[in-house]
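Reading through the structure tokens given below for one structure.
When a ligand or atom number is given, it counts from 1 through the structure's own listing order.
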Amino acid sequence: MKTEVKSTCCYCGVGCGVLIQAEGERIVGVRGDPEHPSNRGRLCTKGATLNLTTDPSYRLHYPERRSERGQGTTRTSWGEALDEAAERFAATIRQHGPDSVAFYISGQLMTEDYYVFNKLAKGLIGTNNIDTNSRLCMSSAVAGYKQTLGVDAPPCSYEDILLANVIFIAGANPAVAHPIIFRYIEDARAANPDLKIIVADPRRSESAEIADLHLPIKPGTDIALFNGMLHVLIGDHLVDDEFISSHTTGFAEQAEIVERYTPEAVAEVCGVPAQDIVQAARWFGQNGAALSIYCQGLNQSAHGTHNNAAIIHLHLATGQIGKPGAGPFSLTGQPNAMGGREVGGLSNLLSAHRDLANPQHRSEVASLWGVQSVPDKPGKSAIDLFSALKSGEVKAVWIACTNPAQSLPNQAAVREALQAAEYVVLQEAYANTDTAAYADLLLPATGWGEKHGTVTNSERRITHVNSAVPAPGEARHDWEIAVDFARRLGARLGVDASRLFPYADAETIFNEHRESTRGRDLDITGLSYKRLDADGPQQWPYPQGATYGKGRLYEDGVFPTGDGKARFVPVRHLATADIPDAEYPISLLSGRMRDQWHGMSRTGTVPRLFNLEDEPVLAMHPCDMRHRGLSSGDLVRVANNRGESIVRVEERPGLKKGRAWMPMHWGSQFMNTPGVNAVACDATDPYSKQPELKHAAVQIEKIDLPYPLAVVRRCANQSEALALLQATRHALARYPYATVGLYGRKSPLVVLRAATAEALDDTAIGALDTLFGIDGSDGAIVYVDSKRRVAKKAVAEGGRLLAVRLCGETQAVTWLRQAMAEDELDASLIRFALAPLGKPPVGVAPRNIICKCADVTDVQIRQEMADGADMPKLQEKLRCGTFCGSCVPEIRRMVAEYAPTEAAAA
Ligand SMILES: Nc1nc2c(c(=O)[nH]1)N[C@H]1C(S)=C(S)[C@@H](COP(=O)(O)OP(=O)(O)OC[C@H]3O[C@@H](n4cnc5c(=O)[nH]c(N)nc54)[C@H](O)[C@@H]3O)O[C@H]1N2
Ligand SMILES: Nc1nc2c(c(=O)[nH]1)N[C@H]1C(S)=C(S)[C@@H](COP(=O)(O)OP(=O)(O)OC[C@H]3O[C@@H](n4cnc5c(=O)[nH]c(N)nc54)[C@H](O)[C@@H]3O)O[C@H]1N2
Ligand code: SF4
Ligand SMILES: [Mo]
């Protein structure tokens with residue numbers, strides 16, 4: 001019997017509601033929850049393929065321990081595992097004090113999980129050494145809101161997108177990173193012809209495609225831009241004097257600072273025309289309701305807090321806050337980064353938006369928890385925590401639901417730290433992540449579809465997440481693991497932990513968390529699991545007696561600052577931490593792609609999510625490429641004093657000279673280096689301690705690896721493909737350049753690409769064939785040109801191409817991969833696969849699937865455009881871009897790029 005269970009998508013902070021379809025113990029489908037107010041039934045490509053990430057074969061099933069680093073792991077029982085962990089933590093604490101241990105957790109945990117971890121560190125052990133990956137993500141937004149508005153609360157709702165007259169997107173790429181929010185932006189555009197959309201992004205991002213004005217500012221110059229806009233707003237009398245005097249403080253000082261930020265001066269700093277700055281300011285000030293949407297382009301900066309403050313200033317100066325369609329709307333990245341902020345899950349925060357530095361707050365939390373005190377010494381924030389592990393100041397670390405051996409900047413230092421740590425526990429849902437190699441103890445956690453609890457999304461909306469299926473193997477819920485460990489640790493430290501952690505279920509934890517919010521800005525004392533189930537997801541605050549939550553904050557112009565007034569804080573332009581110079585002249589940006597999620601532990605198991613891109617590609621400006629003698633498809637070394645990575649380079653539209661861009665997703669599981677974080681910058685913001693992940697100064701140079709090789713292997717199903725992928729990982733280190741991924745839809749493929757300085761010898765080629773199970777001669781055709789060091793092999797099975805291995809010449813891989821994925825290639829076409837230069841047979845054009853929902857390729861789209869189809873026609877005829885809509889910007893770009901060529905021809 002099929003059941004449908006209400007849950008949420010476990011990827012981004014939009015927090016879409018989903019209905020999980022389960023049959024027995026198996027998840028068989030997923031669809032958008034039409035009743036969820038945040039997405040109203042819509043899902044993007046990642047949400048819509050969640051059911052494909054639940055194959056148990058790549059999950060962690062049992063606790064595993066490693067007796068020696070570098071050795072394999074062996075299965076153990078929960079009792080032994082947690083006793084060992086408790087023993088090690090207790091011994092370390094006894095010998096070196098509570099600050100010698102630390103927790104590094106995640107915005108992808110449930111609020112209940114988060115709450116327990118926080119209490120475990122701050123309440124039971126007595127250390128504030130608990131930080132999370134939100135430090136890499138939202139901590140500048142938290143600090144920015146607190147400095148200006150008083151508390152950490154995004155004041156807007158998604159509804160405001162539809163009510164805005166001007167949308168200012170700064171340092172965010174929602175078309176890719178928050179697709180359902182981008183759907184709202186498109187809806188707003190369609191409904192309101194007067195809407196103005198401004199995008200500030202050093203790249204012409206996918207989101208910039210919808211903009212009326214794109215400001216391709218120099219990386220890290222946002223404060224100059226925002227101060228320049230404030231300058232224009234003041235000069236043009238577009239500020240709201242009444243709002244400023246009644247509801248804010250500090251305006252005069254900031255007004256004095258921005259006097260020098262003339263459009264001309266700012267144009268110089270930001271590298272955009274002065275009139276564009278004036279235009280942006282005028283639209284912001286004149287058009288009516290102004291909504292800013294921002295994310296990591298502002299947060300991930302060594303002055304991220306002030307980036308946030310400077311954009312919030314624009315709203316305070318114009319009174320564009322607390323009104324329909326207006327406000328500074330920081331998008332949260334992870335599905336429950338907000339919940340983590342609510343429970344105070346950072347090393348400087350306490351439950352319910354309390355501050356560690358505030359003695360009153362500490363004693364309130366101590367009495368809520370029934371402990372004597374909460375330590376006052378600030379804990380270590382992520383970057384410092386890993387330095388302390390390296391220096392030995394922190395000796396044992398518990399990592400849950402995050403993958404620091406990929407996602408932290410300056411990986412060489414991070415990996416040294418993990419290596420140096422005396423004891424590392426990793427609580428993970430999946431078996432393969434870069435961090436797992438460093439864990440002494442691996443604890444299996446339940447994942448999406450199995451877990452339960454509550455999450456809060458970007459618009460402060462809390463959803464009750466239900467389990468649809470039981471845990472695989474012996475996996476346990478994150479909160480259960482933390483509670484069990486806490487009790488065992490308490491017993492060893494002489495603390496009655498069963499009194500502190502009496503929880504038998506997640507609901508009891510929620511109720512305790514709820515109580516901690518009483519009377520605070522995020523008061524949720526009116527909520528319960530029961531109410532959430534009966535009335536659906538609710539926004540906070542939702543105090544006792546309320547019948548609905550608050551969609552919009554500060555409607556009364558009163559801010560939670562003590563004097564009720566919001567604050568302008570003095571902010572000035574500052575340079576990025578890593579300034580490009582002669583040695584490292586290129587500013588490297590990093591960020592997201594539509595179909596992958598962070599370290600790809602989940603999205604990297606779904607073949608179709610590689611169809612957009614199955615290899616990490618560095619995008620560069622044609623002039624910078626020419627200058628280095630590079631052509632698209634060449635391999636380059638990206639390097640600075642922190643590390644290096646070898647990747648393929650491509651000319652991509654949308655980048656200015658001196659800038660390059662690389663996705664953050666590929667790490668050592670899918671290539672043979674840690675990826676972009678080998679070189680990313682670990683300098684931090686002084687207030688938020690968030691690292692400057694967005695900008696690194698690097699040198700990019702051609703690397704001579706003249707012998708390319710590629711293998712494409714068709715697999716019977718996803719499980720078989722994943723097993724092969726796993727086996728292939730061990731081979732990546734053999735080559736100076738190597739990447740492996742999946743591809744396809746009907747027939748999943750494993751695709752390996754590599755390059756070497758010397759041609760592979762027969763033994764090495766033989767080993768490669770064995771790895772891919774094509775070492776026999778049955779159904780095989782080979783082509784060898786020893787003079788050119790070319791060696792190719794194609795293997796057919798049952799009349800269909802099974803695998804192709806190409807050494808020395810690999811051009812065919814692009815069309816082959818596509819044709820094999822579509823099962824089009826019969827064995828008679830094998831010779832084309834092996835032909836010199838690898839030209840495709842007539843009729844088999846290289847193609848890419850653009851719309852994954854409707855399975856529409858670029859070739860089909862181009863064909864229709866040649867017949868005169870425009871965007872609506874394409875959507876009508878091919879149905880592309882009419883399901884989740886994530887490919888719409890891309891199709892639109894194809895249409896835009898197609899038109900001029902046609903016009904020229906005519
Ligand atoms: N598909 C997908 N979606 C995701 C995620 C994912 O892994 N995959 N992760 C989620 C998470 S945790 C997060 S935090 C969000 C991140 O969401 P976003 O912040 O929207 O995404 P990013 O790609 O990190 O960066 C956004 C943009 O910032 C620009 N940028 C870089 N430097 C600057 C600068 O100095 N100034 C300005 N104005 N812009 C700059 C980049 O060019 C990029 O286009 O995405 C969430 N959604
Ligand atoms: N260069 C560069 N680096 C970046 C960024 C960037 O833009 N550029 N962005 C940064 C940002 S904003 C973020 S948020 C971080 C994200 O960085 P990470 O937190 O490292 O990213 P994930 O890969 O999502 O890691 C989550 C892990 O938890 C596991 N997991 C999934 N569900 C569960 C569960 O229910 N329980 C447990 N215990 N485990 C689970 C997953 O398998 C995965 O390995 O990366 C940061 N790093
Ligand atoms: S926008 Fe996509 S990734 Fe984000 S929550 Fe919704 S379905 Fe999931
Ligand atoms: Mo994030």
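- Among Thr305, Asn308, Asn307, the one residue that satisfies the side-chain hydrogen bond (donor to acceptor under 3.5 Å, both in side chains) test with Asn299 is Asn308.
- The shortest heavy-atom distance from Arg592 to ligand 2 is under 4.0 Å.
- With Ser207 contributing its side chain and Ala175 its backbone, the two residues share a donor-acceptor pair below 3.5 Å.
- Tyr438 does not carry Arg415 over the face of its six-membered ring by the limits of under 6.0 Å from the centre and within 45° of the normal.
- Every atom of ligand 2 with a heavy atom of Asp478 under 4.0 Å away is listed here by number and element: 34 (C), 35 (O), 36 (N), 37 (C), 38 (N).
- Here Arg652 pairs with Glu613 in a salt bridge; the nearest charged N to carboxylate O distance falls below 4.0 Å.
- Residue contacts with ligand 1, taken as heavy atom pairs separated by less than 4.0 Å, involve Ala177 via backbone and side-chain atoms alike.
- In this structure, Arg572 fails the cation-pi test against Tyr261, since its NZ or CZ atom is not both closer than 6.0 Å to the six-membered ring centre and inside 45 degrees of the ring normal.
- The nearest non-hydrogen atom to atom 24 (O) of ligand 2, considering only Glu692, Gln108, Glu428, comes from Gln108.
- Residue nearest to atom 10 (C) of ligand 1, selected from Trp661, Trp597, Tyr294: Trp597 (by heavy-atom distance).
- Taking every heavy atom of Pro202 and a limit of under 4.0 angstrom, the matching atoms of ligand 1 come to 30 (N), 32 (N), 33 (C), 34 (C), 36 (N), 37 (C), 39 (N), 40 (C).
- Interface of Lys694 with ligand 2, defined as ligand atoms under 4.0 Å from a residue heavy atom, comprises 7 (O).
- Closest to atom 1 (N) of ligand 1, if we only count protein heavy atoms, is Met593 O, 2.8 Å.
- Contact annotation for Asn403 and ligand 2: heavy atoms of both the backbone and the side chain come within less than 4.0 Å of the ligand.
- Atom numbering of ligand 1 starts at 1 in the shown order; those under 4.0 Å from a heavy atom of Cys137 are 14 (S).
- Not a single donor-acceptor pair under 3.5 Å links the side chain of Asn336 to the backbone N or O of Val455.
- Nearest to atom 13 (C) of ligand 1 by heavy-atom distance, out of Gly220, Gly333, Gly13, is Gly333.
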